[in-house]
Visitor: 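Please find one structure pasted underneath; my questions will follow.
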Amino acid sequence: MTARLRAFAAGLELYALSLFGLLCLGPVLVVFTPGLLLGLVFLIPGPMVAVRRLTGLVRRRTRDLAGIEVRSPYAPEPPPPQPQADGWYRRDRQLFKRAWWPRMADRIDWVLGDNATWRDLGWMFLAPIGALPGVLPLVLPAAALWVAASAQLPDAAIGSLVAVTALAGLALAPSGLRSSARFHRRLLGGRVLRSDVHDVQADHRVRRWVGKASSPVVRLALLLLTSAIAIPVFVATVAALVLGYGLGLIFLVPWGQADLRWLADWRRSLAQWSGVSIPSPYRPLPPLVQRPDGMYRVGKNLYKTPRWALWTQRFYWVQTDPATWRELVWRGSDPIVGGLIAGVPVLLVVYGIWGQILPRIVHFFVGESPANFWYGTFIGHPAAAIPGGLALAALGVAIAPAALRLHGRWSRLLLKPSGDTALAQRVEQLTLSRADASDAAARELRRIERDLHDGPQARLVALGLRLGTIEALIDTDPAAAKEHTVQTQEAAAHALRELREVVRGIHPPVLAERGLADAVRALALDSPLTVTVDIDLQVRLPEPIEAAAYFSVAEALGNAAKHARARTVAVRLDLLPAGGADPAANGDVLRMIVRDDGRGGADPANGSGLRGLARRLGIFDGTVTLSSPPGGPTELIMELPCASSSPRTSTSSGRD
């Protein structure tokens, strides 16, 4: 009993400190607000530093009373500014005669830039609630008394209930003290909001569940916003068409139809949340061609200057594009159809949560629950709102994934390219791919010619000269002829090695004989870096696919060695099943991931190697995705569609 009473006293002391922190929060905000809003920034550091004395006292008492250590998370205070040789103090690009303002500015940056400052304010606001377990012997009887009085129970029953809950609270006092101490540790010294502490539980199951459950609802809420924005956009488009065709303000038509496409583009970019990929459906703007007589022709009209020719061409382009009118239908119908699909789960969740709050607001102001309250009442109180609101919110969370998928199909229905547009885009893409393939073949042919000319051809010429020398010396100086014979043999071997290198650049023998998996492993062995290979490839791919994949991985490893200053590289190859995230896709996809620990900062705009990778894979409709923040790491994801694959003949057997 003594230990429980001691725990109760300790919890009471910690709770008193929590209440004192809440009382101090008001004056702190009174000083803090004008400091930020009125520019009186010199008022800021003082209260913040004073608060740290209070939180420091809470840390010490938590350690002494509950035995739980709460570390101090503050960043060290910056040193006082030092004068320069001329006696002035420098801060950034300004000079000051006195050290007062540079020191004050450093303290302001120090206080406001430290996450621990905001944690202290959060603790002052939340501690009276979070520390309640520490005073369970007071909280439980008070709660029992409130419920019993509300239910109008007899006095004897109220007294018995209060006595029982008081004893229960006293029995739970040690556990409550530990819970209260953990709350103080969590806010004042734990991982919350700490950007400079590695969170070892980043994949915590509760966080993972909350993220998985809330993600579809949040995404639907944003999609609902796009449906709401579609209303004024549709009104503006219709107004532009009416004014353009009805009143002759024809210049408004392209604005209303083409310049408001941003909303549809935004929806297409968000459609990936539902696992649906919607490419751009617009036909490309045809180029403006100048006639030999200097005139510009658009349809049946000729223009002297390109200004009106371009405007007329854009006008016709917008009007004749089927995607323009399909998008107009989407703008008008999406607030109803898309809004309904996205709105139902969101409103269920919002209304369910609001149902938890609204009865308490009404009860606070009215004093008693209305008889016809939405969720009903329980023993005179709106307690029925709790299960009712939770059920509505749970229903909204449950149907959100299906609604998200349905919303993606709806968006795809009107925003995807039509058959003719898709065919035209495909033809244009194939034309560009053919041009890239032709350029790549020409460059490869020139490289082979240059390698043969500079390497094996020169060796073979030298070999012929050495044979002539041997023929001349074999009768007069056999010893010299013998020496030349040895040198000729070495030159022949050297020429043979160079020929093999040239052949390897065309199509590596290991790739042809043992497949992509073993060829990539051979690349890893030849790399100067430490390369780990993880391959899940059970089949042989078509020969062009294997060659493109092999040289892409080789290029990525070469970039990591030459430019990234990496030490280790991880290569992973997977053959994804047909379809994947996009049901419209056909055939397998070879995914190649090359990740290095280099300095990062790779930019395709500045690196010809990355552009070459994109061109090489673009011939096969492949894609390249680069993630390379400054400081690294760099992750290169290359995906290559595989139309077919043959039964396995490679020696690759799963993972290395």
Side-chain angles (χ1 to χ4, degrees), residues 220-274 276-290 295-343 346 407-425 428:
L220 285 173
L222 191 53
L223 292 174
L224 180 62
L225 174 64
T226 61
S227 299
I229 296 177
I231 298 175
V233 172
F234 178 71
V235 173
T237 305
V238 173
L241 292 177
V242 172
L243 294 175
Y245 289 111
L247 301 180
L249 303 178
I250 202 70
F251 61 90
L252 292 176
V253 175
W255 172 82
Q257 292 183 308
D259 293 347
L260 296 179
R261 287 177 173 175
W262 59 270
L263 181 61
D265 290 335
W266 187 19
R267 174 62 70 81
R268 292 187 192 94
S269 66
L270 298 181
Q272 59 182 346
W273 288 348
S274 55
V276 176
S277 175
I278 306 177
S280 179
Y282 309 116
R283 292 176 177 173
L285 179 66
L288 182 64
V289 180
Q290 188 177 20
M295 304 288 284
Y296 296 92
R297 177 181 177 181
V298 178
K300 297 180 181 179
N301 302 320
L302 296 178
Y303 298 89
K304 289 183 179 179
T305 61
R307 179 180 179 182
W308 284 108
L310 285 172
W311 187 91
T312 307
Q313 185 187 50
R314 185 167 179 265
F315 178 79
Y316 286 142
W317 169 62
V318 172
Q319 299 303 304
T320 57
D321 194 343
T324 299
W325 304 103
R326 287 163 58 89
E327 185 181 310
L328 181 60
V329 176
W330 173 79
R331 292 179 191 177
S333 57
D334 187 66
I336 302 174
V337 181
L340 184 64
I341 297 173
V346 174
H407 196 279
R409 296 190 186 98
W410 155 250
S411 301
R412 185 185 177 86
L413 180 64
L414 290 178
L415 295 181
K416 70 177 182 180
S418 63
D420 293 341
T421 303
L423 181 60
Q425 292 176 346
E428 184 183 7

Visitor: Nearest heavy-atom pair of P281 and A323: which atoms, and what distance?
Guide: O-CB, 3.7 Å

Visitor: How many angstroms lie between CD1 in I341 and OG in S411, if you round to the nearest 0.5 Å?
Guide: 8.0 Å

Visitor: What are the two closest non-hydrogen atoms of R412 and S277, and how far apart are they?
Guide: NH1-O, 2.6 Å

Visitor: Could you tell me the separation between the OH atom of Y282 and the CG atom of D321, rounded to the nearest 0.5 Å?
Guide: 8.0 Å

Visitor: Do you know which two heavy atoms are closest between A258 and R314, and how far apart they sit?
Guide: CB-NH2, 3.7 Å

Visitor: Do R261 and W317 meet the cation-pi criteria used here (NZ or CZ under 6.0 Å from the six-membered ring centre, within 45° of the axis)?
Guide: yes

Visitor: Carefully, step by step, assess L328 and F234 under the rule side-chain contact (heavy atoms from CB on, under 4.5 Å).
Guide: CA-CA 7 Å; L328 181 60; F234 178 71; 4.0 Å; yes

Visitor: Look only at the side chain of T324 and the backbone of Q319, and say whether a donor-acceptor pair between them is shorter than 3.5 Å.
Guide: no

Visitor: Taking all non-hydrogen atoms of both residues, which atom of S333 and which atom of L414 are closest, and how far apart?
Guide: OG-CD1, 3.9 Å

Visitor: When rounded to the nearest 0.5 angstrom, what distance separates OG1 in T237 from CG in L263?
Guide: 9.0 Å

Visitor: For V233 and W262, what are the C-alpha separation, side-chain angles and deciding distance, and is it a side-chain contact (heavy atoms from CB on, under 4.5 Å)?
Guide: CA-CA 10 Å; V233 172; W262 59 270; 4.1 Å; yes

Visitor: Keeping the roles fixed (side chain from R331, backbone from L260), state whether a donor-acceptor pair exists under 3.5 Å.
Guide: yes

Visitor: Taking side chain as C-beta onward, heavy atoms only, is P279 less than 4.5 Å from P417?
Guide: yes

Visitor: Write down the atom of L270, the atom of L223, and the distance for their closest heavy-atom approach.
Guide: CB-CD2, 3.8 Å

Visitor: Would you sort out whether Q257 and E327 count as a side chain to side chain donor-acceptor pair (under 3.5 Å), showing the intermediate values?
Guide: CA-CA 9 Å; Q257 292 183 308; E327 185 181 310; over 6 Å; no

Visitor: Take F251 and W255 through the test ring pair (Phe, Tyr, Trp, His ring centres under 6.0 Å) and record every step on the way to the result.
Guide: CA-CA 7 Å; F251 61 90; W255 172 82; 9.7 Å; no

Visitor: How long is the straight-line distance from CZ of R267 back to CG of D334, given to the nearest 0.5 Å?
Guide: 4.0 Å

Visitor: Compare all side-chain heavy atoms of W266 with those of L222 and state whether any distance is below 4.5 angstrom.
Guide: yes

Visitor: Taking all non-hydrogen atoms of both residues into account, name the closest pair between A309 and Y296 and its distance.
Guide: CB-CB, 3.8 Å

Visitor: K416 vs R268, test: side-chain contact (heavy atoms from CB on, under 4.5 Å). Steps then yes/no.
Guide: CA-CA 9 Å; K416 70 177 182 180; R268 292 187 192 94; over 6 Å; no

Visitor: Using the ring of each side chain (for Trp, its six-membered ring), is W311 parallel, tilted or perpendicular to W308, with breaks at 30° and 60°?
Guide: perpendicular

